[in-house]
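Just so it is clear, the values below take in all heavy atoms, side chains as well, and ignore hydrogens, waters and symmetry mates.
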Amino acid sequence: MLVIILKINRKWFHSLRWNLLFFFIVVSAIPLVLFSVLTHNRIETYFLNNNRQEWLRQANLVASRIVENSSYLQDGRNYSSFLNQISDMGTELSINARVIVIDNLGFVVADSSRINIHSTVISNQILNALNKKDSAEKVEQGGQHIMSTAVAIRDLENTDNILGVVVVSANIDDVYILLDEMSTQIYLLALLSSLLTGLLSFFTSSLITRPIKELMKSVIKVTNGHLDEKINVKGNNEMAQLATSFNLMTEKLDRIEESRQEFVSNVSHELKTPLASIKVLTESLIFQEDVPIEMYQEFFLDINQEVDRLNTIINDLLSLVKLDSNKVNLNIELTNLNQLVEAILKRLAPLANKKDISLVYQSDRAIDVEVDTVKLTLAISNVIENGIKYTPEGGQVIITIQNNSQDVFITVTDTGIGIAQAEQPRIFERFYRTDKTRNRETGGTGLGLSITYRTVVMHSGTIQVNSEEGKGSTFIIQIPIKHL
């Protein structure tokens, strides 16, 4: 079944390519065909307009010779001589035309071809000529292209006296034969141009879309779990920028996946440790006989502490999950930040006193902010408590509150062990420990700074750390005074 599907898709792909090629050729042919038609019409119009004056000149020449060499139209004499004269004119003209003479009543009095003699001919062109409006028009007769020119025959003594009309008809098929040959060449050139343009457009589009196809293949690989997929970046155009952005995205996804796996591993390890302790303690009670009541009390106390540790880890994990999913709504209220920090310091004072650590609070003004009091209290407490835990006995933790017109800055500086420069970008990751042994001794879950980071972000704020090993750390929390 898979083979059949692949064959069908391959056939569909090839048919699509041929359809695209045909589409490009047709699209490129349409304007060229229109151009060819317009070119043909312009050439025809140009040729007829430029030669219309020559045909009028020839017809006026015939009219002048008629009144100069014959008086038939004035007095009706010497008709036979007049008829012979007209017959000769048809062959003498440079345009080799048929000459018809029509009197002022519309009767054909002479015809160089001797066909329509003594018949009546009335047309708009003849009527216009009788009204002194000479014209040259192209007409089709019997499948032939004829240039019909009609001019008035004027009396030599009185030019206002119109004696009749001379109609000079010339076959111009040779002109249209030339036009047809030119049109054929133009259409062939348009066809070849369409083919070349279509092929060029098709292959050019293939070159343009090739990087997009490669990008789509990489996207499919990433969606199938290959997060290490990379695209070779060539040049500095838009596609290269897109490829660079894609590579950055896959790198970030890869880091997220590594962080997720590490998070799962850390959760398993954090939960496994107290569970293992509980199991050892309970087995010790189960498999020992005549255990004194004091040992039961001691072991149950240890078990209770491990259960408390499990409960703390689980609660912190639940808090992080809620913060990450944005399911926790902020209960924004106007809060006096000074009072909030003072309450935190009062609660943490016993922990600092045990290590003879001085808690120094600095603020030169009262500051009111729009925050979620409960969540911000937890975030600030985590930072201050970490400062106390990782500061040696006799050290100092300084808490400073400052503000400008838009933001408030909560700075926590300790004289503790500090954080290595390489580890500072990762301290807000879950369960990340810069000193696993010491963190173990302090009893932390490794989630406090992660909770602080997510809480500050939810308040549209930022948190930064500056630290040097052996000299202490400084955490700066920046939060907008007005909630965004």
Side-chain angles (χ1 to χ4, degrees), residues 305 308-309 312 316 335-369 371-404 407-421 423-428 432-453 455-456 459 461-479 481:
Q305 291 177 349
D308 289 339
R309 177 173 174 77
T312 302
D316 285 349
T335 303
N336 186 285
L337 188 60
N338 308 78
Q339 296 178 0
L340 184 147
V341 173
E342 289 172 359
I344 294 173
L345 295 178
K346 184 178 181 179
R347 180 171 56 84
L348 295 178
L351 180 62
N353 293 333
K354 287 181 180 180
K355 299 177 65 176
D356 194 24
I357 293 175
S358 300
L359 295 179
V360 180
Y361 170 61
Q362 298 175 347
S363 178
D364 57 358
R365 70 186 67 181
I367 302 174
D368 293 329
V369 291
V371 294
D372 186 318
T373 304
V374 175
K375 294 180 179 61
L376 186 61
T377 298
L378 177 60
I380 297 175
S381 297
N382 285 336
V383 176
I384 299 175
E385 188 172 355
N386 279 348
I388 297 172
K389 288 179 180 179
Y390 300 120
T391 297
E393 293 184 1
Q396 191 178 51
V397 177
I398 304 172
I399 300 91
T400 305
I401 301 177
Q402 296 173 316
N403 72 299
N404 56 25
D407 301 303
V408 63
F409 301 89
I410 305 163
T411 304
V412 179
T413 303
D414 63 57
T415 57
I417 61 176
I419 305 170
Q421 187 70 29
E423 294 179 329
Q424 291 179 22
R426 301 194 62 188
I427 62 173
F428 298 109
Y432 186 78
R433 299 180 185 277
T434 58
D435 185 344
K436 293 180 173 56
T437 302
R438 185 160 183 84
N439 273 282
R440 216 48 96 186
E441 293 173 358
T442 60
T445 64
L447 299 173
L449 286 180
S450 295
I451 295 174
T452 298
Y453 174 80
T455 301
V456 172
H459 281 84
T462 60
I463 181 170
Q464 299 176 351
V465 59
N466 298 312
S467 183
E468 186 177 349
E469 286 186 284
K471 294 185 178 181
S473 305
T474 298
F475 287 82
I476 303 173
I477 299 174
Q478 176 184 356
I479 295 178
I481 294 177

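- Between S363 and N338, the closest heavy-atom pair is OG-ND2, 2.9 Å.
- The two atoms that bring I344 and S381 nearest to each other are CG2-OG, 3.4 Å, heavy atoms only.
- In this structure, I476 and N466 approach most closely via the heavy-atom pair CD1-ND2, 4.2 Å.
- Judged purely by atom type and a 3.5 angstrom limit, N382 has no side-chain atom pairing as donor or acceptor with the backbone of L449.
- The CD1 atom of I479 sits 11.5 Å away from atom CD1 of I367, with the distance rounded to the nearest 0.5 Å.
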(request) Would you sort out whether L337 and N403 count as a side-chain contact (heavy atoms from CB on, under 4.5 Å), showing the intermediate values? (result) CA-CA 11 Å; L337 188 60; N403 72 299; over 6 Å; no
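- To the nearest 0.5 angstrom, E468 atom CD is 11.0 Å from T474 atom OG1.
- Formation of a donor-acceptor pair under 3.5 Å by the K355 side chain with backbone atoms of K389 is found in this model.
- To the nearest 0.5 Å, atoms CG (N386) and CZ (F475) are separated by 6.5 Å.
- The minimum heavy-atom distance linking G395 with T415 is given by the pair CA-OG1, 3.5 Å.
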(request) Determine, step by step, whether V412 and I477 satisfy the side-chain contact (heavy atoms from CB on, under 4.5 Å) criterion, reporting the C-alpha distance in whole Å, the side-chain angles of both residues, the deciding distance to 0.1 Å, and the verdict. (result) CA-CA 8 Å; V412 179; I477 299 174; 5.9 Å; no
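- Q424 places a side-chain N or O within donor-acceptor distance of the main-chain N or O of S467, the cut-off being under 3.5 Å.
- Contact between A379 and T452 at its shortest, heavy atoms only, is O-OG1, 3.2 Å.
- In this structure, the side chain of D414 does not engage the main chain of I388 through any donor-acceptor pair within 3.5 Å.
- A side chain to side chain contact (heavy atoms under 4.5 Å, CB included) with K375 is found for exactly one of V371, D372, T373, namely D372.
- Between I357 atom CD1 and E393 atom CD the span is 8.0 Å, to the nearest 0.5 Å.
- Within the model, atoms CG of L348 and CG of L359 stand 7.5 Å from one another, a figure rounded to the nearest 0.5 Å.
- Summarising the geometry, atom CD1 belonging to I417 is positioned 15.5 Å from atom NZ belonging to K471; distances are rounded to the nearest 0.5 Å.
- Closest of all the heavy-atom pairs between I481 and D368 is CG2-O, 3.5 Å.
- With I380 as the fixed residue, the side chain to side chain contact (heavy atoms under 4.5 Å, CB included) test singles out one of I384, V383, L378: I384.
- Residues T400 and F409 fail the side-chain proximity criterion, which asks for heavy atoms closer than 4.5 Å.
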